[in-house]
2 protein chains.
Amino acid sequence: MAGPSAKSVKPPRRAAPRASGQSRSGARALVKAAQSAGETAAPVSPPAGRRAQAGEARKGAILGAALSVFARLGLDGASIDAIARAAGLSKANLLYYYPSKDALYVAVLEQGLSRWLAPLARFRREEDPAEAIGALIEAKLAMSRDHPEVSRLFALEMLRGAPLLKPVLAGPLKAVFDAKVAVVQAWVAAGRLAPVEPPHLIFSIWALTQHYADFAVQVRALSGRSLSDKGFMEEAVAAVTALVLDGVRPR
Amino acid sequence: MAGPSAKSVKPPRRAAPRASGQSRSGARALVKAAQSAGETAAPVSPPAGRRAQAGEARKGAILGAALSVFARLGLDGASIDAIARAAGLSKANLLYYYPSKDALYVAVLEQGLSRWLAPLARFRREEDPAEAIGALIEAKLAMSRDHPEVSRLFALEMLRGAPLLKPVLAGPLKAVFDAKVAVVQAWVAAGRLAPVEPPHLIFSIWALTQHYADFAVQVRALSGRSLSDKGFMEEAVAAVTALVLDGVRPR
DNA sequence: TCAAAGTCTGACCATTTGGTCCAAGTTCGA
DNA sequence: TCGAACTTGGACCAAATGGTCAGACTTTGA
């Protein structure tokens with residue numbers, strides 16, 4: 001870290017195009033993002049002006065670059081400058097859009113949150129358990145294949161002790177989690193599922209699917225393959241689904 | 001990063017008590033550590049001299065402090081000074097024992113490697129599959145409870161793309177992995193296990209068990225409990241074992 | 001007992017880096 | 001068309017940090 005104490009909160013001099021994810025109190029913004037994650041996520045009314053549009057695009061590019069850099073180097077390892085270069089603008093210019101590294105980080109986290117939360121949100125009591133679980137596994141595995149950086153970013157944040165995400169975990173995420181626990185509970189009660197501890201089942205599915213993104217290097221080094229190989233993806237879906245549904249003990 | 005280009009390789013002026021984990025080419029040292037990981041890990045003949053003993057103790061303390069700091073902040077987030085303070089000595093003094101941050105990081109990784117590798121190494125074809133798997137799960141979960149920092153450090157390293165561990169992954173770890181894949185294969189062929197893709201089974205067990213260490217914050221936030229609660233630990237062992245062996249589909 | 005070897009510290013240095021500032025464009029609406 | 005608002009980048013600043021150095025203090029072994 002460097003520069004004038006990252007803690008000092010000083011209002012920006014000029015009116016920057018403050019968009020969704022920049023509130024200084026990152027936690028609050030994240031909680032809000034998480035809460036609306038289940039919903040269809042209305043695209044925040046895209047402004048019409050040509051200029052505003054370009055600005056929005058620029059911010060998108062920054063966010064994308066930041067995600068990829070943060071996910072690989074972590075908050076500390078990533079430098080604003082590296083992100084700026086990756087996004088194709090100057091450091092000072094990036095700082096015009098996002099007033100600080102932390103703010104950018106929060107924005108990235110915030111953006112990832114909905115994608116990360118979405119699959120579980122689709123869990124419905126009315127569904128067939130096996131199908132619902134299969135769908136969840138496939139969706140999460142697809143996420144691990146298509147947006148591994150999101151998964152990695154969250155893993156990184158967890159490993160740090162989730163200083164920014166903790167309020168989300170304790171609030172909106174716990175709400176979703178509890179709801180889904182209830183769903184699983186109901187399935188078990190109805191005899192539609194073997195007796196399992198619902199929380200552990202959910203943890204297990206997360207662990208199994210995210211592993212392919214977070215430990216992709218290891219998976220690739222040991223098996224020589226990755227989810228981007230179509231065959232391997234199918235194999236993984238099949239293996240995880242079979243494991244969760246039927247286990248490995250022979251009948 | 002800072003200071004004179006971390007790349008410049010210059011020999012230390014004085015003879016520092018060079019111990020097991022400091023070779024500049026971290027990769028090589030790590031590979032060696034991994035290879036001897038299966039064995040009983042002979043304690044490298046503890047030197048007798050009172051002085052040498054104290055030195056060894058100091059190094060142990062440094063390694064411990066470094067593990068906990070690195071595991072929480074990552075290589076970039078951790079500062080030598082923070083580690084030194086945690087170990088109870090001055091930065092300059094720490095640098096006397098480990099000539100650079102990277103060297104220290106490698107030493108920590110190296111030390112963790114054997115612990116990380118051990119449980120899988122105990123997999124034997126002659127065992128009963130269910131028992132062997134159960135034992136593996138329990139051992140890994142115990143690791144997640146007793147040494148979560150090791151698991152986290154490795155997770156962090158994987159997320160970075162494993163620049164230092166890649167040779168280990170491709171070499172010694174792959175060797176162990178392949179051997180265990182063969183064991184599982186044999187079990188399946190003998191009908192002692194349902195037909196599974198062995199690599200995915202191993203990945204699954206790792207994922208399931210390490211999750212409780214790497215995502216401990218999340219687990220705690222959502223379930224309110226952690227592996228250090230005896231009851232929760234038992235629950236986790238039971239849940240993961242049941243899942244892997246029998247799945248959740250009702251019979 | 002005494003010098004050689006080992007251990008430890010505070011001062012110091014150079015680089016990286018988060019962030020600021022200002023002046024020079026650019027775009028937009030009236 | 002013109003001024004106000006918005007963008008952009010180069011120079012700059014100060015803190016943090018990895019690492020060095022020379023000298024002081026200890027321990028050890030002959």
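These numbers come from a predicted model, not from an experiment. We name chains A, B, ... by the order of the sequence lines, and we start the count at 1 in each one.
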Between [X] ([atom1]) and [N] ([atom2]), how many Å, whole number?
X: A:Tyr98; N: C:dT20; atom1: OH; atom2: P; result: 17 Å
X: A:Leu89; N: D:dG10; atom1: CG; atom2: C1'; result: 15 Å
X: B:Asp76; N: D:dG18; atom1: CG; atom2: P; result: 9 Å
X: B:Leu75; N: D:dT17; atom1: CG; atom2: P; result: 13 Å
X: A:Leu94; N: D:dG10; atom1: CG; atom2: P; result: 15 Å
X: B:Asp102; N: D:dT17; atom1: CG; atom2: P; result: 16 Å
X: A:Leu95; N: D:dG9; atom1: CG; atom2: P; result: 13 Å
X: B:Tyr105; N: D:dG18; atom1: OH; atom2: C1'; result: 17 Å

Counting only side-chain heavy atoms from C-beta out, which of [options] sits nearest to [X]?
X: A:Ser79; options: C:dT9, C:dT20, C:dT17; value: C:dT17
X: A:Ile80; options: C:dG19, C:dT7, D:dT7; value: C:dG19
X: B:Ala92; options: C:dT9, D:dT8, C:dG18; value: C:dT9
X: A:Lys101; options: D:dT8, C:dG18, C:dC8; value: C:dG18
X: A:Tyr97; options: D:dG19, D:dT8, C:dT17; value: D:dT8
X: B:Asn93; options: D:dG19, D:dG9, C:dT9; value: C:dT9

Exercise for the section: Would you list the pairs meeting ring-ring contact (aromatic ring centres under 6.0 Å, His included) in which at least one residue belongs to residues 71-92 of chain B, sequence neighbours left out? Expected result: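 Listed once each, the pairs would be none.
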Problem - Stretch residues 64-73 of chain A: residues that reach within less than 4.0 Å of DNA chain D through a heavy atom - result: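 None - not one residue of the stretch has a heavy atom sitting under 4.0 Å from the strand.
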Handout entry: A:Ser90 side chain near D:dT8 phosphate (N/O to OP1/OP2, under 4.0 Å)
Key =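 No, A:Ser90 has no side-chain N/O under 4.0 Å of OP1/OP2 on D:dT8.
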Problem - N or O in side chain of A:Tyr96 less than 4.0 angstrom from D:dT8 OP1/OP2 - result: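 Checking D:dT8 against A:Tyr96, no side-chain N or O comes under 4.0 Å of OP1 or OP2.
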Problem - Test side-chain contact (heavy atoms from CB on, under 4.5 Å) applied to B:Ala213 - qualifying residues, sequence neighbours left out - result: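 Testing B:Ala213 for side-chain contact (heavy atoms from CB on, under 4.5 Å), a comparison that skips the adjacent residues, returns B:Ser144, B:Pro148, B:Ser151.
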Practice task
Just jot down the side-chain contact (heavy atoms from CB on, under 4.5 Å) partners of B:Glu138, sequence neighbours excluded, or say none.
Solution key: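 B:Val237.
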Exercise for the section: Find the bend of the helix from C:dT1-D:dA30 to C:dA30-D:dT1 as the angle between its two terminal axes (five pairs each), to the nearest 10°. Expected result: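 The angle separating the two end axes equals 10°.
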Exercise for the section: Rounded to the nearest 0.5 Å, what's the gap from CD1 on B:Ile62 to CG on B:Leu67? Could you check? Expected result: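 Reported value, rounded in 0.5 Å steps: 13.5 Å.
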Problem - Counterpart residues, side chain to side chain donor-acceptor pair (under 3.5 Å), relative to B:Arg122 (two or more places apart) - result: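 If we apply the side chain to side chain donor-acceptor pair (under 3.5 Å) test to B:Arg122, skipping adjacent residues, there are no hits.
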Exercise for the section: Provide the full list of salt bridge (Lys or Arg N to Asp or Glu O under 4.0 Å) pairs with a residue in residues 158-169 of chain A, sequence neighbours left out, each pair given once. Expected result: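 Non-adjacent pairs meeting salt bridge (Lys or Arg N to Asp or Glu O under 4.0 Å): A:Glu157-A:Arg160.
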Exercise for the section: Please collect all salt bridge (Lys or Arg N to Asp or Glu O under 4.0 Å) contacts where either partner lies in residues 80-95 of chain B, sequence neighbours excluded, each pair once. Expected result: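 Matches after skipping sequence neighbours: B:Asp81-B:Arg85.
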Exercise for the section: Quick one: closest heavy-atom pair of A:Leu222 and B:Lys174, and the distance? Expected result: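 Distance-wise, the nearest heavy atoms are O-NZ, 3.3 Å.
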Handout entry: Aromatic centroids of B:Phe203 and B:Phe177 separated by under 6.0 Å
Key =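 When the ring centroids of B:Phe177 and B:Phe203 are compared, they turn out to be within the sub-6.0 Å range.
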Handout entry: Donor-acceptor pair under 3.5 Å, B:Lys91 side chain vs D:dG18 base
Key =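 Answer is yes: a donor-acceptor pair is held.
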Exercise for the section: Look at all strands and tell whether B:Ala78 reaches a base, only sugar-phosphate, or nothing, counting heavy atoms closer than 4.0 Å. Expected result: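 B:Ala78: backbone/sugar contact only, no base atoms under 4.0 Å.
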Exercise for the section: For A:Trp206, enumerate each residue passing the ring pair (Phe, Tyr, Trp, His ring centres under 6.0 Å) test, keeping only those at least two apart in sequence or located in another chain. Expected result: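 Listed in chain order: nothing, the list is empty.
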